[in-house]
Amino acid sequence: TFGSLDIYIDAMVDNKPSPFTIGGETPAALDAAIRQNLTVTLQATEFVANFLRGRKRGRIVYFIQDSMNRGLIADAVGAAARTGLIAFAKTLARQ
């Protein structure tokens with residue numbers, strides 16, 4: 001399907017903040033923010049990693065704003081999800 005895929009670059013930038021309002025978050029809104037900021041990337045990574053494993057080479061790169069580590073005023077849920085991606089990437093690199 002991919003032919004000569006050598007590198008997967010995730011550079012997702014979310015222009016739609018997902019602030020956390022205490023008592024105002026619906027489970028669907030939280031799920032949507034987490035899906036957009038984390039789940040989709042994990043699914044793409046799994047697909048690409050399986051392909052690269054068969055080739056026994058390749059790279060996976062995530063571009064994540066440094067501000068995610070500090071937290072974002074208007075995007076608490078997105079920052080939490082993308083910070084989870086940082087931990088995922090570090091663990092995946094060790095595996």
Side-chain angles (χ1 to χ4, degrees):
T1 300
F2 286 111
S4 63
L5 176 72
D6 293 313
I7 187 168
Y8 165 69
I9 298 174
D10 176 89
M12 194 282 295
V13 176
D14 185 7
N15 292 327
K16 189 175 87 174
S18 48
F20 188 77
T21 53
I22 297 174
E25 294 299 319
T26 65
L30 290 173
D31 286 345
I34 292 169
R35 177 165 176 68
Q36 180 177 358
N37 288 286
L38 180 62
T39 307
V40 170
T41 298
L42 296 182
Q43 290 170 333
T45 298
E46 179 182 18
F47 186 79
V48 170
N50 283 330
F51 179 80
L52 294 176
R53 183 179 297 128
R55 297 188 68 203
K56 299 187 189 287
R57 66 184 185 108
R59 297 288 183 264
I60 298 173
V61 178
Y62 301 103
F63 287 115
I64 302 171
Q65 297 167 305
D66 184 52
S67 59
M68 293 299 172
N69 283 323
R70 295 187 310 265
L72 300 173
I73 293 171
D75 198 10
V77 179
R82 293 304 274 182
T83 302
L85 181 58
I86 292 169
F88 171 78
K90 289 177 180 181
T91 303
L92 184 62
R94 289 176 177 262
Q95 288 181 359

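Quick caveat: nothing in here was measured; it's all calculated off a predicted structure.
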query: Would Leu92 and Val48 show up in the same hydrophobic cluster when neighbours are defined by side-chain heavy atoms closer than 4.5 Å?
result: yes

- line: side chain to side chain contact (heavy atoms under 4.5 Å, CB included) filter on Leu42, not counting sequence neighbours, yields Leu38, Leu85, Phe88

query: What's the shortest heavy-atom distance between Gly78 and Asn37, and which atoms?
result: CA-ND2, 3.6 Å

statement: Residues passing the side chain to side chain donor-acceptor pair (under 3.5 Å) test with Thr45, sequence neighbours excluded, are Tyr62

Under the salt bridge (charged side-chain N to carboxylate O under 4.0 Å, His left out) test, residues paired with Arg57 that sit two or more places apart: Asp6

statement: Here the gap from Leu5 atom CG to Arg55 atom CZ, rounded to the nearest 0.5 Å, amounts to 7.0 Å

Closest approach of Ile60 to Ala49 (non-hydrogen atoms, all atoms of both residues): CD1-CB, 4.2 Å

task: Please go through Val61's hydrophobic cluster and name the other residues, only I, L, V, M, F, W, Y counting, with side-chain heavy atoms under 4.5 Å joining them.
output: Ile7, Ile9, Phe63

query: Going from OG1 on Thr83 to CD1 on Ile64, what distance comes out if it is rounded to the nearest 0.5 angstrom?
result: 8.0 Å

- request: Using side chain to side chain contact (heavy atoms under 4.5 Å, CB included) as the criterion, list what pairs up with Glu46, not counting sequence neighbours.
  value: Asn50

